[in-house]
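Shown next, in structure tokens, is the structure this report addresses.
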Amino acid sequence: MTTRAIPTPPAPIPAARRPGHPSHDARWLRGLREAYFAAVTAGLERPPRVGLYVLVDDGQDPAPRLATAHGLATVKNWSITWRTFDCTGLTDPATRPQLARACHAVARGEIDGLVIASRTDISPYDDHYETALRRLRARGGFLAPALPETAT
């Protein structure tokens, strides 16, 4: 008789934050991101596989931002499986084709998470950033910014 491991479902997603002082929101979002990272990586017996994703304006070279994201993944010894970017500038994250592709890669188990240069690669707006964190976690993934959440 063979036994098979049953995948562990994602941990429950914490309740929504309560609006308050912006610094409290930033700390809460960082805590949420860190909790999701811990939940996703807890059972891994290998370095996380990640994709690099950045957002740039049309015509802007993504290389410097990708290099920033690459730096974090390298320092953490994470396995980088692909790199991508959107050149839409600051738009709703739900409308970006390469971000959607990255989320699908998480859902398919190709990668465990996304490394971004900074929070603005997702959104400077708390509600959009929180939604992206929750969507990635619901698909079994995490988000890791190379720069602190307050940096651009």
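Listed by chain and number, the residues in a side chain to side chain contact (heavy atoms under 4.5 Å, CB included) with D57 are Q60 (sequence neighbours excluded). By the side chain to side chain contact (heavy atoms under 4.5 Å, CB included) test, A67 pairs with no residue at all, sequence neighbours left out. Residues that satisfy the side chain to side chain contact (heavy atoms under 4.5 Å, CB included) test with T88, not counting sequence neighbours, are L55, D86, T91, R96. Considering only residues two or more places apart in sequence or on other chains, T68 meets the side-chain hydrogen bond (donor to acceptor under 3.5 Å, both in side chains) condition with none of them. Here P124 pairs with L90, T120 under the side chain to side chain contact (heavy atoms under 4.5 Å, CB included) rule; sequence neighbours left out. Under the rule for a side-chain hydrogen bond (donor to acceptor under 3.5 Å, both in side chains), the partners of R33 that lie at least two apart in sequence or sit in another chain are E149.
Hydrophobic cluster membership differs between F37 and L143, with clusters built from Ile, Leu, Val, Met, Phe, Trp and Tyr side chains linked at under 4.5 angstrom. Each of V40 and L136 belongs to its own hydrophobic cluster when Ile, Leu, Val, Met, Phe, Trp and Tyr are linked at side-chain heavy-atom distances under 4.5 angstrom. Under the 4.5 Å side-chain heavy-atom criterion for ILVMFWY residues, a single connected hydrophobic cluster contains both L99 and Y129. Taken together through direct or relayed side-chain contacts under 4.5 Å among Ile, Leu, Val, Met, Phe, Trp and Tyr, Y53 and V115 form parts of separate hydrophobic clusters. In the hydrophobic cluster analysis, where Ile, Leu, Val, Met, Phe, Trp and Tyr join through side-chain heavy atoms closer than 4.5 angstrom, V56 is grouped together with L52.
With rounding to the nearest 0.5 Å, the separation of CG in D126 from NE2 in H128 is 10.5 Å. Separating the SG atom in C103 from the CZ atom in R139 is a distance of 5.5 Å, to the nearest 0.5 Å.
Every pair passing side-chain hydrogen bond (donor to acceptor under 3.5 Å, both in side chains) that includes a residue from residues 107-116 is listed here, sequence neighbours excluded: R46-D112, R108-E110. Screening residues 82-105 for ring-ring contact (aromatic ring centres under 6.0 Å, His included) gives no qualifying pairs among residues at least two apart or on separate chains.
Across every non-hydrogen atom of R119 and Y125, the tightest pair is NH2-C, 3.2 Å.
Residues E130 and L32 have side chains in contact (heavy-atom distance under 4.5 Å, counting atoms from C-beta outward). At a threshold of 4.5 Å between non-hydrogen side-chain atoms, the residues T41 and F142 count as touching. Side-chain contact between R137 and R134 is absent, with no heavy atoms from C-beta onward closer than 4.5 Å. Annotation: side chain of P145 is not in contact with side chain of S118 (no heavy-atom distance under 4.5 Å).
Between the side chain of R101 and the backbone N or O of A105, no donor-acceptor pair lies under 3.5 Å. No donor-acceptor pair under 3.5 Å is formed between the side chain of R65 and the backbone N or O of I116.
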Could you tabulate the donor-acceptor pairs under 3.5 Å formed by side-chain atoms of residues 72-80, not counting sequence neighbours?
from: T74; atom 1: OG1; to: H70; atom 2: O; distance (Å): 2.9
from: T74; atom 1: OG1; to: H70; atom 2: ND1; distance (Å): 3.2

| field | Worked verdict on V50 versus L114 for side-chain contact (heavy atoms from CB on, under 4.5 Å) | value | CA-CA 5 Å; V50 297; L114 294 179; over 6 Å; no
